[in-house]
Amino acid sequence: MATITWKMEDGSEIAADVKNGLNLMEAATANNVPHIEGECGGCLSCATCHVFVDPQWFAKTGEIDDIEDTMLEMTDVEREDNSRLSCQIIASDELDGLVLYVPEPE
Amino acid sequence: MTAPIVIVGAGQAAASFIARHVALSNPRSVLLIGEEPHPPYQRPPLSKKYLLGELERERLFIRPLEWYREQNIGLRFDTRVDAIEPDQHRVLTASGESIAYDKLLLCTGSSARRLPDAMGGSLDGVFTLRSIADIDNVASQFQAGRKLLIVGGGYIGLEAAAVARKLGLEVTLLEMAERILQRVAAAATSDYFRELHQGHGVQIHESARLARLFGENGKLRGAELESGAIIDADLVLVGIGASPNIELAQAAGLACDIGIRVNDFCQTSDPDIYAAGDCSCFTRNGQTIRLESVQNAADQGDLVARRLAGEDVRYTALPWFWSDQYDCKLQIVGLNQGHNHTVIRPGAGAASRSIWYYRDDELLAIDAMNEPKSYAFGRKIIEAGISPTPRLVADPMTDLKALAMGK
Ligand SMILES: Cc1cc2nc3c(=O)[nH]c(=O)nc-3n(C[C@H](O)[C@H](O)[C@H](O)COP(=O)(O)OP(=O)(O)OC[C@H]3O[C@@H](n4cnc5c(N)ncnc54)[C@H](O)[C@@H]3O)c2cc1C
Ligand code: FES
């Protein structure tokens, strides 16, 4: 189990306990985090699950593979060094306390 | 008290409508009526990970059941709507209940086509792939060594073939057209997937017309082709496409074509009734289009929620689609209808390439096989209205990212 916190641009936050093995796009939609849609259900075809990872946590969220790296070019809000597609981050005990920032398209 | 917004059909389009309705804090109440016993769920994994047994049922649900309750969405599952009475602004359920609506949204989806009984369609051992119930029925039959016959070489049939091979079944696939994927893709894409499946041991027969399935005591034994050839089978999957669920709309007098006709706002011929997803059809570039994709269902559902919240938006979304077979990820962007030539762009590896569809000089669509760059940058290229020359596209040294940025 991991407690994940999503921080919005307006300063509001949503925190939730996420079961190990679930991806953080699923966790976000289940907890009503705005702007995370996850249209393709986590199969790297929509890029609607984009998040910025708190830099302190970035390395712990795992490797970015080639497909994710390419799909990050398609996000609504332009990618940065700490961008991830959250459907590719899998909850685990090591991620307990993780903080994600949710980009807001204009 | 005004009547609620009533949604008929609890699938992908309905879920997307509700998510946007909630996100926009629209205070109007919503009642979701669905025939299936589940909250809206994703169908794409049905013929992929769920059939393979790698995904629990709850993870198919687009949002957990509690989420709808927390958002005060009225829920009526296991409930079929039998009629719409547009003049009275109400729908009638199969149990005879009458439910008033202020606005009505039809998200009734489509149904898998079946083989007629006369062709053996109702024999024990013949399945379709559309719903959780369908997969739960067939999954226990997917045992190594059994002989599976797939009728129809579309994406769903091909995905099921890939799962079956992974699980060790013997797989034969029949396609009545000259080539698999003929209805939806160019020959180059068909060639790619034919090779992929043959390489994994699937027997593919194209231009092969099924005469009938036959059995013994109601239990399937095999298939006879029009050529007279006999194929033994322990089970048959029928993947011959889907028909839109438009009967309700037709009976209510709404304009229908290859689907329920909608305008740019997803509005039917009755301004208080909207339609979204597989059941609807619309006009684009002079063509009547009906799409069966998550993108279309989700974007149309989203659009209706925005309209009902007063936003001035029209449906102009660029279509996209995906399919997973073995280790191949196919990603499609655009609509290839009306193309008159294609260009093949080689990818980095032997199993990666993309097919670019053109109408004269205009780029319409791209099928990208293990080629996410063609998909991601191709999408930007199409959105920007750029049509690179076939020569540029065919040259693997061309930098797609630069093209997408107009360089
Ligand atoms: C096996 C499979 C694999 C797929 N793979 C992909 C893929 O990889 N990528 C992709 O983009 N798309 C894929 N699709 C297509 C995609 O799932 C559909 O386009 C999408 O689900 C359509 O959403 P919808 O809301 O229009 O209809 P649906 O999700 O089908 O929902 C319609 C619902 O309405 C209910 N209903 C119908 N009539 C009534 C009534 N009278 N009263 C009450 N309820 C009613 C139905 O029972 C159903 O639950 C796949 C589809 C299938 C079946
Ligand atoms: S959910 Fe589509 S890419 Fe993450």
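In what follows, chains carry the letters A, B, and so on, assigned in the order in which the sequence lines appear, proteins first and then strands, with residues in each chain numbered from 1.
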Q) Where does B/Val22 contact chain A at under 4.5 Å (heavy atoms): side chain, backbone, both or neither? A) side chain

(Q) How about CG on B/Asp312, more than 12 heavy atoms from neighbouring residues, nucleotides or ligands closer than 6.0 Å, or not? (A) no

Q. Which atom names give the shortest non-hydrogen contact between B/Trp67 and A/Ala30, and what distance separates them?
A. CD1-O, 3.7 Å

(Q) Which atoms of B/Leu60 are under 4.5 Å from chain A, going by heavy atoms: the side chain, the backbone, both sets, or neither? (A) neither

Q: Could you tell me whether the side chain of B/Lys373 and the main chain of A/Met71 form a donor-acceptor pair under 3.5 Å?
A: no

Q: May I ask you to name which of A/Asp69, A/Ile67, A/Asn32 has the most heavy-atom pairs under 4.5 Å with chain B?
A: A/Asn32

Q: Identify the two heavy atoms, one from B/Trp322 and one from A/Cys40, that lie closest to each other, and give their separation to 0.1 Å.
A: CZ2-O, 3.5 Å

Q) Going through the checks in order, is the side chain to side chain contact (heavy atoms under 4.5 Å, CB included) test met by B/Tyr375 and A/Met74? A) CA-CA 10 Å; B/Tyr375 173 71; A/Met74 249 179 55; 4.0 Å; yes

Q.
Just checking B/Lys49: does its NZ atom have more than 12 heavy atoms from other residues, nucleotides or ligands closer to it than 6.0 angstrom?
A. no

Q) Are any of the side-chain heavy atoms of B/Lys329 and A/Cys43 separated by less than 4.5 Å? A) yes

(Q) Looking at B/Glu383, I'd like to know if its CD atom is crowded, meaning that more than 12 non-hydrogen atoms belonging to other residues, nucleotides or ligands lie closer than 6.0 Å. (A) yes

Q: Indicate yes or no: does A/Glu73 engage B/Arg379 in a salt bridge with an N to O separation below 4.0 Å.
A: no

**Q.** Worked check of salt bridge (charged side-chain N to carboxylate O under 4.0 Å, His left out) between A/Glu37 and B/Arg20
**A.** CA-CA 10 Å; A/Glu37 290 171 9; B/Arg20 182 61 63 194; 2.9 Å; yes

Q) Is a donor on one side and an acceptor on the other found under 3.5 Å between the side chain of B/Gln331 and the backbone of A/Leu44? A) yes

Q: Output the distance between atom OG1 (A/Thr70) and atom NZ (B/Lys401), rounded to the nearest 0.5 Å.
A: 9.5 Å

Q. Do other residues, nucleotides or ligands put more than 12 heavy atoms under 6.0 Å from A/Asp66 CG?
A. no

**Q.** chain A contact via B/Pro44 - side chain, backbone, both or neither, heavy atoms under 4.5 Å
**A.** neither

Q) From B/Glu58 CD over to A/Lys19 NZ, what is the distance, rounded to the nearest 0.5 angstrom? A) 8.0 Å

Q) For B/Glu70, is it the side chain, the backbone, both or neither that has a heavy atom under 4.5 Å from a heavy atom of chain A? A) neither

(Q) Given heavy-atom pairs under 4.5 angstrom as the criterion, report whether the side chain, backbone, both or neither of B/Phe61 touches chain A. (A) neither

Q.
Please find the pair of heavy atoms, one from A/Glu39 and one from B/Val294, that lie closest to each other, and give the distance.
A. O-CG1, 3.3 Å

Q: State the OG-CG distance between A/Ser45 and B/Asp324, to the nearest 0.5 angstrom.
A: 7.0 Å

Q: Give a yes or no on whether the backbone of A/Thr29 and the side-chain of B/Arg63 come within a donor-acceptor separation of less than 3.5 Å.
A: yes

